[in-house]
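For reference, the structure discussed in these notes is given below.
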Amino acid sequence: MDCVMCKGLMEAKTINHIVDKDGHITIVKNVPALVCKQCGENFIDNSVAIKLEELLNKYSNSNVEVLIVNYIEKVA
């Protein structure tokens, strides 16, 4: 797959996905993604995005200011 931004080569990696919602920051580590070798743009597959959204919804009622979750541990 080519990068939609620069047409560079994409490679499979893991990324940190950060969400800032209503003053609460959630960091999801080790999210599988394709990352462009040239510009760094990333692409998350639909199946991963659905699991990521479910994971974020699960922890959305947390009262902590910053939450760090490991995607691989929670989804696998």
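Bear in mind that the values here come from a model prediction, so they are computed numbers and not experimental data.
Contact between D20 and G23 at its shortest, heavy atoms only, is OD1-N, 3.9 Å. Contact detail for I44 and A33: the closest heavy-atom pair is CG1-CB, 4.2 Å. Between E41 and C3, the closest heavy-atom pair is CB-SG, 3.9 Å.
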Verdict with reasoning, V4 to F43, per side-chain contact (heavy atoms from CB on, under 4.5 Å) | CA-CA 9 Å; V4 297; F43 172 80; over 6 Å; no
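Rounded to the nearest 0.5 Å, atoms SG (C36) and CE (M1) are 10.0 Å apart. Taken to the nearest 0.5 Å, the CG atom of D45 stands 9.5 Å off from the NZ atom of K51. In this structure, CG on D2 lies 10.5 Å from CD on Q38, to the nearest 0.5 angstrom. To the nearest 0.5 Å, atoms CD1 (I27) and NE2 (H17) are separated by 11.0 Å. Interatomic distance, CG of N42 versus CE of M10, reported as 7.0 Å (0.5 Å rounding). Of the inter-residue distances, the one linking N70 atom CG with N16 atom CG reads 9.5 Å to the nearest 0.5 angstrom.
Linking ILVMFWY side-chain heavy atoms closer than 4.5 Å, directly or via other members, places V31 and L34 in two distinct hydrophobic clusters. Under a hydrophobic-cluster definition in which Ile, Leu, Val, Met, Phe, Trp and Tyr are linked whenever side-chain heavy atoms come within less than 4.5 Å, directly or via other members, V19 and L55 are assigned to the same cluster. The cluster map of Ile, Leu, Val, Met, Phe, Trp and Tyr, joined by side-chain heavy atoms under 4.5 Å apart, puts L56 and V66 in different clusters.
Between Y71 and the choices T14, V48, I15, the side chain to side chain contact (heavy atoms under 4.5 Å, CB included) rule is met once, by V48.
Side chain of D22 to backbone of H24: no donor-acceptor contact under 3.5 angstrom is found.
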